[in-house]
Amino acid sequence: MWNNIECAPKEEIEALQLRRLKETARRVYHLVPFYRERFDEAGIKPGEIKSLEDLKRLPFTTKQDLRSHYPFGLFTVPMDQVVRIHSSSGTTGKPTVVGYTRHDMEVWKEVMARTMSMADVGPGDVCNNAYGYGLFTGGLGFHYGAEKVGAAVVPASGGFTKRQLLLMKDFGATVLCSTPSFALHMAEVARDEGYDPRSDFNLRVGFFGAEPASQGLRDALSDAWDILYIEAYGLSEIIGPGVAAGCPHGNLHVFEDHFIPEVIDPDTGEVLPYGEEGELVFTTVTKQALPIIRYRTRDITRLHQEPCPCGRTMVFMDSVKGRSDDMLIVNGVNVFPSQVEHVLTKMEGITPNYVIIVDKKGVLDKLEVWVEVDENIFADGLGALEELKRRLQNEMLNELYINVRVKLVEPKTLERSMGKAKRIIDKREAEGM
Amino acid sequence: MANKFAVKQLSIFLENRRGRLLEVTKTLMDARINIRALSMAESAEFGILRLVVNNPEKARTALSSGGFTIREQDVFAVEVDDEPGGFYGVVKILAESDINIDYTYAFVGESKKAVLIFKVPEELLPKAVSAIEQGGIRLVEPIFFYS
């Protein structure tokens, strides 16, 4: 265990949370007009927070609120205090921007060190980090965590599977950080290359996150590499990876001294008791650059406070199975139907009917967009249609950062229900993803 | 203004799916449309069926209400002798006039004649037609198809 607070008595953690919550509420109320307005509308002043029970009186913050204040409108520090900026891939509108002060970076390293310590990663370990480096928080988050605990980090990033396998083998990597789908893909490629992933590599543990993974996929991964599967949960709006991490007993503990979780009824906003399923909400209580009050993650889960055999007293959550809106996670990348629609509209000046189909090809997700060819886009020539298809595919790659296969279909091919087209067919769901 | 030799051709977008051609042809039969000339272009996923019919307006209405995506375009037709070099003579004139042929198809006409249908870029159709005329090749009037 990295920090004794993780197994501190409940009262101690709650006292810490309350003190930090009060500070954070004061901070946002006095420094961000948006929060002051929302607090005033809700009829609560920071000084009125007397117990953790009062948290439910505070207003929610949504992704839309972050977008509306693009880029730095919700920051509580001047830019000369900000040492890092990350950004999520945007939907049709603006991307979501998050900032970190030096202190925030320390918090991030701390929670990532706790994550790595779930499997006692430390000096002597070689950590192959296959999360993408860049604006995405995954790559750098794991990088700092592994460094903080003293492991040797190999910043492999995504892709270049064969080379990555070679380095993992030759460097004797003991730790793999990756999306589940990429790790499974690597195992397949390893076998194709004539390796036995179970015995030809020195891996003992993998840290997997950034996309939902069914129990079947976890077991398959554990088995394919003969490693311990540790789940990592996070989102950039809260800090990136490091919001919660799975212990060796498989319980996904939330680092609640930094991020207070709640589960609410997504329709009414009412807080639900432990054990009930609803939308996960986080309040950050130690962040400076971008503290966030009751952020609606749209992730559906349950919280539990039963004692865990690992000794941690922090609450744990179920693995996230789905989002409460229509966002898709395709090979770890967020995709919104509105992005697809945006490309179609931008390219043709009209919005043809379309449907998004997500499926698995081997272990990787594949995304197809079926576009109805109506009179507006029907060019009388195979070349012109093939060209249209190519342009749409290229533009979607630019916009969504993933490869999309566009298929041109006849009108009325796509199912419409109650006048509204069904936009997404997620065939992965059948496999429990 | 439409050229007097412009023949209305209907292009129909078809997915490569079993039974689609059957549905198109049945729709036309039910509307009592006679197909005078046709050609089919296909890629791996989809195809385009091009038709010259006896009543383009009626065909268009029938196909539209049948849910097909259609595009109406102007093509022109010429009649040549059904013998070696017939096609060559027409293509040569168009090539010499610097007119690119988008596509062409043909059928055998009556008494040793062949009819060739040409699609050229829309703005080049008048130029193509007058080049053909000057080259002494007989253009087929639309009425030939529409009756």
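Chain letters run A, B, ... following the sequence lines, proteins first and then strands; every chain starts at 1. Fair warning: this is a prediction, and the values are worked out from it, not measured in the lab.
- Contact of B:Glu42 with chain A is made through the backbone alone, with heavy-atom distances under 4.5 Å.
- Contact annotation for A:Lys389: only side-chain heavy atoms (C-beta onward) come within less than 4.5 Å of a heavy atom of chain B.
- Separating the CZ atom in B:Phe46 from the CG atom in A:Leu382 is a distance of 6.0 Å, to the nearest 0.5 Å.
- Ion pairing of B:Lys92 with B:Glu96 is present here, as a side-chain N (NZ or NE/NH1/NH2) and a carboxylate O approach within less than 4.0 Å.
- Only the backbone of B:Ile12 comes within contact range of chain A, with heavy atoms under 4.5 Å apart.
- When atom types are taken as modelled, the side chain of B:Asn16 and the backbone of B:Ser43 share a donor-acceptor pair closer than 3.5 angstrom.
- Between B:Asp74 and B:Lys8, at least one side-chain nitrogen of the basic residue sits less than 4.0 Å from a carboxylate oxygen of the acidic one, meeting the salt-bridge criterion.
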